Structures are given as structure tokens and as C-alpha cells.
Amino acid sequence: MKAAALLSSKTLSLHHSSLTLSRSLFPYKSSLSILPIFHFPLKQNTNFTQNPQIHTRIMASSSYNPEQARAPPALPLPTPPVNKFKIALCQISVTPDKDRNIAHARKKIEEAAAKGAQLVLLPEIWNSPYSNDSFPVYAEDIDAGGNASPSTAMLSEVSRLLKLTIVGGSIPERSGDRLYNTCCVFGTDGKLKAKHRKIHLFDIDIPGKITFIESKTLTAGETPTIVDTEVGRIGIGICYDLRFQELAMIYAARGAHLLCYPGAFNMTTGPLHWELLQRARAADNQLYVATCSPARDAGAGYVAWGHSTLVGPFGEVLATTEHEETIIIAEVDYSLIELRRTNLPLLKQRRGDLYQLVDIQRLNSQ
């Protein structure tokens, strides 16, 4: 995965392999996905210090070209299938007993449906302890399905029986000789609508606090994932993906109503950044953000922060909780997206003459 870069030139030259997008929106064959590039075009011989009054007048009289701040231009927000619905954030406990974890998750999904939820979000790594030692042991072959992937088989069945859209948290996935941290999205018909492999692996070292290197066992995903569902267009990220605003920005530019991040922040970064990042992603992009953590187990090798949360398009916390096992039921009202984008017309105020976010996948799918 190539990191986002800053460029300052009049032209942008890209050299890469063919790329892939979620088939629900951009159907074409490829094998590699690259995150967007910020492009800052500067005119030759531009002098910002000489005669600033003339420069100011020139800038004031020129077009800011807000549509050019996204390349390709941002898609219009699609009309969602529903304007209001209930979302359930299932902050569930996780144990070393995989069969118990699957049965327990199913029970909580059924409870959420009984409370009127149309969309259910599960936590990151809900069928397994969160450790590099556990990932290979608990990993499932999602593509094979059936007995090879009992976790996703359960999600498929319960989504079909209860007519739910499920963003199925994440589980360790085995594909050939590689392991991924993978989120599966199921529609109300029980069919797999999308599969997101965690793009940004959690490799951190805070001396005296926490060290975790996901890349010891996991492989990074290569495809941003946005999917049309029965409750709107959803962009998917997993935990550490939340830290990278570029991913949220391209989801917004692709017309997402809601971003879902199953995640398991820890006791060091959780208090500092968990809510902050969610509110930033929602406020910057003027859409909904939902997160779901495992419940905290103080005796586990990796202790999750908890605090699953729903944030509205003004960056406001609409619903949250502490660290215990619980189900949050909250209402999503998509009319607030248009309201907030009218209140703060950021889309019309971007400076396409100064900066540009390039969505390389969309650019090469045209």
C-alpha cells in the first residue's frame, strides 16, 4: 500500500498497477489499491511576497474551482433507501472460546433486531482474542464459507432471517498463505455485499505503554470499501483506518452517508484519540460515523477501551457508552447531512485552485 504523498507541480504523473474498487460501485478487474494523493498546483514564477495587494486582487477575482478539489469530482450524495433508521452498536465481550463468541454475537444481534435496529455493527476481532498468537488459530476462509467460516455463516443466516443489514465487525481471515483483519457486510437477503480488509495495520510502539505489531502476522488490505446497502451508502474502515483522514475523504467524495469503523482502541490511545478521531472524521466530511469496540476485559492480553459511539454530521456525539458489554440503539437521520452541508457549505468553499485530493481508484476506473 503506498502512502499518501504531497506534490507541488503543474502535472501529476502516476505509475501503478491496475486498481480495484468495490463491485457495488465501480465494477472493473484489478489487484491493487492506492490511497489518494494531495496535489498542490503552483504557478511558475509565483511570488507571494512581491506586491501582495495585486496578488490579493487576482485571487479574489479568480474562481476557486471547488469541484477541482477532488479528482475525479465528488459524486453527489445519493438518495438513500431510507431517511431514518435505528442502528445498533453491539459492544460485546470476547473470550478464547470461539464457539461461545459466535453464539453470543448471534444472541446480541437478535436482541438488537428485537429493539428495532435495521443496521447492526459488531466490534473488531469479535470471534477471537486480539493477539498475533490468536490470529492464525482463529482465522477463517471467508471465500470458502460454510464450515470453513462459521462466523460469517452465522452472520449471513441471521441477516437473512431477521432482514438486517450487518456490518460484521472484523475477524481474522485466511486467504492462501496470508492473514487479514477483515470486515464483511451482509444485506437483508443474507448475501455478502462487501468485504473490507484492514488497510492500515496497527504497528505502534509507545515505550512503557503499549507495543503491538499487527504486521507480524497480518497483511494489509489494498482496497477501500464503500457499499450500497438497504440503509444507505456505507464506507468501511477497521480501527487504525480511522486515523487516516484521506480514506474518510475519498468515501465522502464517493457519496457515503455513513462511515462504520469496528475498532479496538487500547487503554493508552483510547482516552486520547478514540472520540476525537470519530468527531473529526464526521465534522470534516459532514456525515455520520459509527464505531463499535469489544467490551473491556481487564484480564485480557490486549485491553480494549470500549466506548462505542455514534457521531452526527456536525461532529456531535449522538450516542455512546462506557466499557461494559451493552447494545447502543440510536437513530440515524440522513436529512441532517443536507442540513449541515447547507449550514456550512464546505463543498462549495474548497480551494480547488490550491489543493486537490486524488482518488486514484476512481480516476483509473473511468
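From a predicted model like this one, the values you see are computed outputs, not experimental measurements.
Judged purely by atom type and a 3.5 angstrom limit, Ser159 uses its side chain to pair as donor or acceptor with the backbone of Ser156. For Arg174 (side chain) and Glu140 (main-chain N/O), no donor-acceptor pair under 3.5 Å exists by modelled atom type.
Taking the six-membered ring where the residue is Trp, the centroids of Tyr240 and His200 are separated by 6.0 Å or more.
Taking the six-membered ring for Trp and thresholds of 30 and 60 degrees, Phe212 and Tyr130 have ring planes inclined between 30 and 60 degrees apart.
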### Task
Go through Glu67 and Lys348 one step at a time and tell me if the salt bridge (Lys or Arg N to Asp or Glu O under 4.0 Å) criterion holds.
CA-CA 8 Å; Glu67 71 285 349; Lys348 299 177 182 178; over 6 Å; no
### Message
Evaluate Arg296 against His307 for side-chain contact (heavy atoms from CB on, under 4.5 Å), listing each step before the verdict.
### Response
CA-CA 9 Å; Arg296 187 182 305 169; His307 295 79; 3.9 Å; yes
### Message
What verdict does the salt bridge (Lys or Arg N to Asp or Glu O under 4.0 Å) test give for Lys115 and Glu111, after you've listed the backbone C-alpha separation in whole Å, the side-chain angles of each residue and the deciding distance to 0.1 Å?
### Response
CA-CA 6 Å; Lys115 294 178 180 179; Glu111 289 180 15; 5.1 Å; no
### Message
Evaluate Asp141 against Ser149 for side-chain hydrogen bond (donor to acceptor under 3.5 Å, both in side chains), listing each step before the verdict.
### Response
CA-CA 6 Å; Asp141 186 340; Ser149 184; over 6 Å; no
### Residue pair Glu157, Arg106: steps toward the salt bridge (Lys or Arg N to Asp or Glu O under 4.0 Å) verdict
CA-CA 10 Å; Glu157 181 180 49; Arg106 178 171 187 144; 2.6 Å; yes
### Message
Using side-chain hydrogen bond (donor to acceptor under 3.5 Å, both in side chains), reason through Asp143 and Ser175 one step at a time and then give a plain yes or no.
### Response
CA-CA 8 Å; Asp143 291 338; Ser175 180; 4.7 Å; no
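The shortest distance between side-chain heavy atoms of Gln278 and Tyr261 does not fall below 4.5 Å. Within the 4.5 Å cutoff, the side chain of Phe314 has no heavy atoms near those of the Leu339 side chain. The closest side-chain heavy-atom distance from Gln91 to Ile328 is not below 4.5 Å. Counting only heavy atoms from C-beta outward, the side chains of Lys198 and Cys239 approach each other to under 4.5 Å. The shortest side-chain heavy-atom distance between Val303 and Asp297 does not fall under the 4.5 Å cut-off. Residues Leu277 and Gln245 are not in side-chain contact: their nearest non-hydrogen atoms beyond the backbone lie 4.5 Å or more apart. Inter-residue side-chain proximity for Leu164 and Leu119 is flagged as unmet; no heavy-atom pair is nearer than 4.5 Å. Taking the side chain as every heavy atom from C-beta outward, Leu363 and Val358 approach each other to under 4.5 Å.
Checked for salt-bridge contact, Arg70 and Asp359 miss the test: no charged N lies under 4.0 Å from a carboxylate O.
By the side chain to side chain contact (heavy atoms under 4.5 Å, CB included) test, Pro81 pairs with no residue at all, sequence neighbours left out. Residues satisfying the side chain to side chain contact (heavy atoms under 4.5 Å, CB included) criterion with Asp333, sequence neighbours excluded, are Lys84, Tyr288, Ser335, Leu336.
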Per-pair distances, 0.1 Å, donor-acceptor, side chain in residues 179-192, under 3.5 Å, sequence neighbours excluded:
residue : atom : partner : partner atom : Å
Asn181  : OD1  : Ser170  : OG           : 2.6
Asn181  : ND2  : Glu124  : OE2          : 2.8
Thr182  : OG1  : Glu173  : OE1          : 2.6
Thr188  : OG1  : Glu230  : OE2          : 3.1
Asp189  : OD1  : Lys191  : N            : 3.0

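Put simply, the residue from Trp274, Tyr302, Phe202, Trp305 that forms a ring pair (Phe, Tyr, Trp, His ring centres under 6.0 Å) with Phe265 is Trp274. No option in Leu122, Ile236, Leu89 other than Ile236 meets the side chain to side chain contact (heavy atoms under 4.5 Å, CB included) test with Cys260.
Note on Leu247: it clusters hydrophobically with Met249, by side-chain heavy-atom contacts below 4.5 Å among ILVMFWY residues.
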